[in-house]
Amino acid sequence: MKKILVLHTGGTIAMSADAAGNMAPGAQNPLDSYENPFSGEIQLETEDIFNLPSPHMTPIQMLALKQRIAQAAHEGIDGVVVTHGTDTLEETAYFLDLTLPNELPVVVTGAMRSANEIGSDGLHNLETAIQTASTPDAADKGVLVVMNDEIHSARYVTKTHTTNVATFRTPTFGPIGLVAKHGIVFFESLLRSTVCPIETVADHVFLIKAYAGMGPELFEAIAQPTTNGVVIEALGAGNLPPVTLPAVQALLDQGIPVVLVSRCFNGIAQDVYDYEGGGVQLKKMGVIFCQGLNGQKARIKLLVGVSAGMAGAKLAHFVATANS
């Protein structure tokens, strides 16, 4: 019999709506009364590790979650399911993907509708996540996100709609598997994975989005001794307004790593354009191009690298290396 550990962290999947339709965490997690539908095949152990709306989630809680999962790997657990609010689910999932070895399947899931809403998707997502975590094929695929009968890699999945139950998508690549009527089907595997175990988390790693007419003010505001890194969601293939360049250079001169991704949700950042503020110039300045990740994921990767004590060329390689 497979033994699956279910860790509840809060979010919509653990909330109920009031008469006005407003949702908030309650004293009782509705999932606590969930009856195991796989009795005789899968043994479930359940813990309420947090009860937080996902905007309240921080890297400190992510680290505590990572440590609990690492401990479970030595407790005879065959797989782990994490229930989580959807707003920051992709960041927690990617944090776990970067910091946990592939010792056992880890699946993150959530819900877009609360437990007492018509068409609630929480229990279905939880059941399919449990099925996925108990499947031998789920091993060695990194942390997975299972929602709406699709299986996504934590590395690339993102929330694309504010309320739709089909909100989680993987731009460019699509899901790596599906939850079918008679079992779990995988179609793809990760090329490779990088594991970076950490025991503490750094702070003051910032994310800034570029826009037309952007000035230097935001970069100047974070040019502080406490700043550990900056990720920029740049324009197009990886470009910035020229007026921002002196402020970006000032960050680099202070030894603050500056990482660049595209604000486009498809494609990768590249040093293509050789004009003032273009990617060619930015790369020559020392800006790190991160390929394949969105801004929030690149920030998590930079944060993990800094937390591991990386700096200079080692940090740049860790953040920039594609497919890891």
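Heavy-atom basis, side chains included; hydrogens, waters and symmetry copies ignored. Residues: numbered from 1 along the sequence shown.
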Quiz item: Looking at Phe318, is Lys301 sitting on its ring face, NZ or CZ under 6.0 Å from the six-membered ring centre and within 45 degrees of the normal?
Solution: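 Checked: cation-pi criterion met.
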So do [Y] and [X] actually touch side chain to side chain, heavy atoms under 4.5 Å?
| X | Y | answer |
| --- | --- | --- |
| Thr109 | Val145 | no |
| Glu45 | Ile4 | no |
| Val80 | Val6 | no |
| Ile151 | Pro175 | no |
| Leu31 | Ile13 | yes |

Below 3.5 Å, can you tabulate the donor-acceptor pairs from side chains in residues 58-65 to any protein atom, sequence neighbours excluded?
residue : atom : partner : partner atom : Å
Thr58   : OG1  : Ile60   : N            : 3.2
Thr58   : OG1  : Gln61   : OE1          : 2.7
Gln61   : OE1  : Thr58   : N            : 2.9

Practice problem: In plain terms, say whether Arg169 and Glu150 are close enough for a salt bridge, that is, a side-chain N and a carboxylate O under 4.0 Å apart. | Solution: yes
Self-check item: Side-chain ion pair, Lys66 and Glu199, N-O less than 4.0 Å
Solution: yes
Mind listing the side-chain donor-acceptor pairs of residues 69-78 below 3.5 Å, one per line with the distance, residues two or more places apart or on another chain?
residue : atom : partner : partner atom : Å
Gln71   : NE2  : Glu75   : OE2          : 2.7
Glu75   : OE1  : Arg68   : NH1          : 3.4
Glu75   : OE1  : Arg68   : NH2          : 3.3
Asp78   : OD2  : Lys3    : N            : 2.7

Side chains of [X] and [Y]: do they bring a donor and an acceptor to under 3.5 Å?
| X | Y | result |
| --- | --- | --- |
| Glu91 | Thr88 | no |
| Asp32 | His8 | no |
| Glu90 | Asn294 | yes |

Identify every side-chain donor-acceptor pair in residues 247-261 under 3.5 Å, counting partners at least two apart or on other chains, and give the distances.
residue : atom : partner : partner atom : Å
Gln249  : NE2  : Asp253  : OD1          : 2.9

Exercise. May I ask you to decide if Pro241's main-chain N or O and Thr244's side chain share a donor-acceptor pair within less than 3.5 Å?
Key: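 Yes, because the side chain of Thr244 sits within donor-acceptor range (under 3.5 Å) of the backbone of Pro241.
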Quiz item: Sub-3.5 Å donor-acceptor pair from the side chain of Lys2 to the main-chain atoms of Gly79, do we have one?
Solution: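 Absent.
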Show me the side-chain donor-acceptor pairs of residues 265-275 shorter than 3.5 Å, one per line, residues at least two apart or across chains.
residue : atom : partner : partner atom : Å
Asn266  : OD1  : Thr172  : N            : 3.0
Asn266  : OD1  : Thr172  : OG1          : 2.4

List the atom pairs, with distances to 0.1 Å, where a side-chain N or O of residues 206-229 and a protein N or O form a donor-acceptor pair under 3.5 Å, not counting sequence neighbours.
residue : atom : partner : partner atom : Å
Gln224  : NE2  : Ala221  : O            : 3.2
Thr227  : OG1  : Ile222  : O            : 2.5
Asn228  : ND2  : Asp203  : O            : 2.7

Exercise. Taking salt bridge (Lys or Arg N to Asp or Glu O under 4.0 Å) as the test, write out the residues that go with Glu41, two or more places apart.
Key: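 Not a single residue meets the salt bridge (Lys or Arg N to Asp or Glu O under 4.0 Å) criterion with Glu41.
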